[in-house]
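Keep in mind it's a predicted model, so treat the numbers as computed, not measured. Numbers here simply count residues along the sequence, with the first being 1. Counting convention: from 1, in listed order, for ligands and their atoms alike.
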Amino acid sequence: MTPLPRVFVALDYANAADALALAQRLDPRACGLKVGKELFVTAGPEPVRRMVERGFAVFLDLKFHDIPNTVASACAAAARLGVAMLNVHASGGKAMLTAAREAVDRAVGPPPLLVAVTVLTSLTDGDLRDVGYDGDTQSLAVRLAKLTHACGLDGVVCAAPEAPALRRAIGPGFKLVTPGIRLADAARDDQARIVTPEAALANGADYLVIGRPITQAADPVAALAAINATLAKAAA
Ligand code: C5P
């Protein structure tokens, strides 16, 4: 299987035309594409099929969280779309994670990477107390990442600053997917904890999810090329 690209461009668009217009300009050898809830709810699976047909590795970021049977069916349906990566919430528990793993393994064709969201980075320790958990976000993230690993999933989505702790807790081979990436001199937008692409790599990230620094750039193709050049230099 060809390795997945390091950078997944987050196509946070409200309509298929805008998402596909950008996809049209990008090269599937230079990046993967991330499709999230807004685009999927608006436009359904058809844009994803078109991206897959064009040769893109697609990360279907729908963060499934439901009873095991429902999540397993959703994961199987996502795998049938031919996506390269999909995700679930680790807090769905062992039975749900295991059911997702088994459904993806049973899928025809190359299995997508199955990763889990541990603790949403928007949540604070106070939010966790409100829902009945007395610990802090960092220790819950490590605990849920260990559960994810024990259930045989391929990795987790995490903020880049958390990546070294997760790598230490779980070891090599477990995929770390990190959003919250900004270029050194760029606007933070609404991201509170940001790192540069090369810092994310140094922290142990395997895949970088990057949205606005590419999608809102005057020249998205050039912005992606510059990021890939920085990553290639950092990895050399
Ligand atoms: O535009 P930007 O680079 O901030 O986009 C980051 C993408 O990663 C968005 O699609 C956002 O929803 C997603 N994401 C995130 N933080 C998380 C999980 C996902 O920014 N903790």
Side-chain angles (χ1 to χ4, degrees), residues 4-16 18-19 22-23 26 31-43 47-48 51 56-65 83-92 113-125 127-128 137-138 140-142 144-145 148 153 155-163 165-166 175-201 203-218 220 223-224 226-228 230-231:
L4 296 181
R6 251 191 213 290
V7 174
F8 281 76
V9 178
L11 296 177
D12 292 317
Y13 292 108
N15 66 80
D18 288 346
L22 181 61
L26 296 171
C31 66
L33 303 174
K34 183 178 86 78
V35 172
K37 288 189 175 89
E38 184 184 18
L39 181 58
F40 198 82
V41 170
T42 308
V48 174
M51 292 167 198
F56 281 104
V58 176
F59 172 15
L60 190 61
D61 178 21
L62 298 181
K63 303 186 181 72
F64 299 132
H65 187 172
V83 301
M85 190 174 347
L86 68 131
N87 58 4
V88 298
H89 271 282
S91 54
L113 288 180
L114 177 61
V115 300
V117 175
T118 56
V119 182
L120 290 169
T121 48
S122 53
L123 294 177
T124 63
D125 294 351
D127 293 323
L128 293 188
T137 52
Q138 173 74 24
L140 183 58
V142 170
L144 288 172
T148 300
L153 275 67
V156 290
V157 182
C158 66
E162 281 174 8
L166 295 180
K175 305 294 183 203
L176 301 178
V177 183
T178 60
I181 308 291
R182 288 295 176 272
L183 307 186
D185 53 353
R188 306 174 72 96
D189 302 311
D190 55 354
Q191 295 283 12
R193 295 197 297 152
I194 52 168
V195 299
T196 60
E198 54 274 37
L201 206 63
N203 276 7
D206 295 284
Y207 304 109
L208 279 54
V209 170
I210 309 181
R212 287 161 289 181
I214 294 171
T215 58
Q216 307 296 308
L224 173 64
I227 290 169
N228 277 335
T230 312
L231 291 174

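Every heavy atom of Gln216 sits 4.0 Å or more from the atoms of ligand 1. Within the structure, ligand 1 has Pro213 among the residues with a heavy atom less than 4.0 angstrom away. Using a non-hydrogen distance threshold of 4.0 Å, Asp12 registers as a contact of ligand 1.
Rounding to the nearest 0.5 angstrom, the gap separating the CG atom in Leu224 from the CD1 atom in Ile210 is 8.0 Å. For the atom pair Met85 CE and Leu33 CG, the distance stands at 11.5 Å (nearest 0.5 Å). Taking OG1 from Thr196 and CZ from Arg182, the interatomic distance works out to 12.0 Å, rounded to the nearest 0.5 Å. Of the inter-residue distances, the one linking Leu201 atom CG with Leu231 atom CG reads 5.5 Å to the nearest 0.5 angstrom.
Using bins of under 30°, 30° to 60° and over 60° for the plane-to-plane angle, the ring pair His89/His65 lands in the tilted bin.
Ligand 1 has no N or O atom lying under 3.5 Å from any N or O atom of Lys63, backbone or side chain. Ligand 1 has a nitrogen or oxygen under 3.5 angstrom from a nitrogen or oxygen of Gly211. Taking any N or O of Arg182, backbone or side chain, at least one lies under 3.5 Å from an N or O belonging to ligand 1.
Annotation for ligand 1: atoms under 4.0 Å from non-hydrogen atoms of Thr121 are 16 (N), 17 (C), 21 (N). Of all the atoms in ligand 1, the ones that sit under 4.0 Å from a non-hydrogen atom of Arg212 are 1 (O), 2 (P), 3 (O), 4 (O). Shown in contact with Ala10 at under 4.0 Å from a heavy atom are these atoms of ligand 1, numbered in order with element: 7 (C), 10 (O). Atoms of ligand 1 lying under 4.0 Å from any heavy atom of Val209, numbered from 1 in the order shown and given with element: 7 (C), 8 (O).
The protein heavy atom nearest to atom 19 (C) of ligand 1 is Pro179 CG, 3.8 Å. Scanning the protein heavy atoms around atom 12 (O) of ligand 1, the nearest turns out to be Lys34 NZ, 4.3 Å. Closest protein heavy atom to atom 6 (C) of ligand 1: Gln191 NE2, 3.8 Å.
In this structure, the side chains of Leu26 and Leu22 come closer than 4.5 Å at one or more pairs of heavy atoms. A 4.5 Å side-chain heavy-atom check between Leu86 and Leu62 finds every atom pair outside the cut-off. Proximity of Leu113 to Leu4: side-chain heavy atoms (C-beta onward) are separated by under 4.5 Å at one or more points.
The existence of a salt bridge linking Arg212 and Asp190 is confirmed by a sub-4.0 Å separation between a basic side-chain nitrogen and an acidic carboxylate oxygen.
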